[in-house]
Amino acid sequence: MNPSSYSFSPQLIQALETARSVVVLTGAGISAESGVPTFRGADGLWNDYRVEEIATPEAFARNSEFVWDWYNYRRKLVWECRPNPAHEVVALLEKRYPGFLLVTQNVDGLHRRAGSRKIIEIHGNLFRLRCTRDPDHRHDHPPENSSTTPTCPTCGAPGRPDIVWFGEALDPEDIDRSMEAVTSSDVTLVIGTSGVVYPVASLPMLARRSGARVVLLNLEPTEHVAVAHDFIQGPAGQTMTALARELGLPE
Ligand code: OAD
């Protein structure tokens, strides 16, 4: 299919044309066409790696060098990827709507590289380092720094990836801001997420209950299909390009 093959309901187009406040919620699927592997599904990362050996505080306490090795490997892979048209359309939507927030579960930094600025990286970012002693010490962590024992530039304590691991709480301020934004949104777009990791997975339902039009864009129906007013099936690079054309966003 090419972008002109997708069709959108008149209600959806009208909602997007009249909206003042839009929230975009993204997951690993939006970066799939950039070459970043997703987590679940046939080629998902969690098929090849055990979550509990990598993405937990216990794993880091047990063997921080092993965990750093894995994150350095991923940082290198992701750095070589580039944003795709779906990331670019999300960045254009930010310019179009006076009220806009992007809530991404992705840690790959591709939304920022595509120009998004009103963004909450709710699961963290691969290219930041967090201090193990003082979580307020956060620093850029460039891809060329591949030490397996990096230290906090502020205080010298051991550094860890600035990622929210399984069993850890999300930043309460990030959750509050995300909930407020979906609650007051006219339209919430949910792109490329399986919708199984909470609390983020509850945001589409909150949007719907608060009166927003909820739009699901995914390769396949997910947990959120019952919550959504519209389901646009296809690769996000194509469906988002088609939507951008429909709205007359600059190419
Ligand atoms: P998943 O891997 O669980 O889901 C990816 C979703 O993207 C699936 O629903 C796919 O159908 C869809 N998808 C794949 N390719 C696509 C494409 N080209 N266009 C559109 N959709 C596509 O990833 P997430 O939902 O992001 O946590 O996973 C949530 C969290 O679980 C992640 O943030 C990560 C993981 O463990 C942390 O890193 C803390």
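No hydrogens, no waters, no symmetry mates; every other heavy atom, side chains included, goes into these values. Counting convention: from 1, in listed order, for ligands and their atoms alike. Quick caveat: nothing in here was measured; it's all calculated off a predicted structure.
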When you measure from atom 11 (O) of ligand 1 to each heavy atom in N106, V164, N84, N218, which option holds the nearest one? N218

Enclosure of Y73 OH (heavy-atom neighbours >12, cutoff 6.0 Å): no

With a 3.5 Å cut-off and no angle check, do the side chains of S31 and H111 form a donor-acceptor pair? no

Should we count CD of E144 as having more than 12 external heavy atoms under 6.0 Å? yes

Under 4.0 Å from one or more heavy atoms of A32, ligand 1 contributes atoms 15 (N), 18 (N)

Taking 4.0 angstrom as the limit and counting only heavy atoms of E33, give me the atoms of ligand 1 inside it, by number and element. 17 (C), 18 (N), 19 (N)

What's the shortest distance from atom 6 (C) of ligand 1 to any protein heavy atom, and which residue and atom give it? G192 O, 3.5 Å

Here's a test for you: under side chain to side chain donor-acceptor pair (under 3.5 Å), which of R128, H141, H139, H123 qualifies with D162? R128

Near F166, which atoms of ligand 1 are under 4.0 Å from a heavy atom of that residue? 36 (O)

Where's the contact between L219 and ligand 1, heavy-atom distance under 4.0 Å: side chain, backbone, both or neither? both

Distance under 4.0 Å to a non-hydrogen atom of E220: what atoms of ligand 1 satisfy this? 11 (O)

Give the C-alpha distance, both sets of side-chain angles, the deciding distance and a yes or no for side chain to side chain donor-acceptor pair (under 3.5 Å) between S34 and N84. CA-CA 6 Å; S34 294; N84 69 56; 3.0 Å; yes

Shortest protein heavy-atom distance from atom 22 (C) of ligand 1, along with the residue and atom involved: G29 CA, 3.5 Å

Per-atom filter on ligand 1: closer than 4.0 angstrom to a heavy atom of G27 are 26 (O)

For atom 32 (C) of ligand 1, find the nearest protein heavy atom and state the residue, atom name and distance (0.1 Å precision). F39 CE1, 3.6 Å

Sequence neighbours excluded, every pair satisfying side-chain hydrogen bond (donor to acceptor under 3.5 Å, both in side chains) that has a member inside residues 9-19: S9-D230

Atoms of ligand 1 close to Q105 [distance to a heavy atom under 4.0 angstrom, numbered from 1]: 29 (C), 33 (O)

Have a look at P221, A28, G237 and point out the one with the heavy atom closest to atom 23 (O) of ligand 1. A28

Which atoms of ligand 1 are found less than 4.0 Å from any heavy atom of V197? 29 (C), 30 (C), 31 (O)

Can the positive tip of R75 be found less than 6.0 Å from the middle of the six-membered ring of W68, inside 45° of the ring normal? no

Using only atom types and a distance under 3.5 Å, with no angle test, would you say the side chain of E33 pairs donor to acceptor with the backbone of A236? yes

Got a sec: does the CG of D140 have more than 12 other heavy atoms crowding it under 6.0 Å? no

Just which atoms of ligand 1 are under 4.0 Å from any heavy atom in T193? 6 (C), 9 (O), 24 (P), 25 (O)

Starting at CD1 of I232, measure out to CG of L219 and round the result to the nearest 0.5 Å. 13.5 Å

Under 4.0 Å, counting heavy atoms only: does W165 come that close to any atom of ligand 1? no

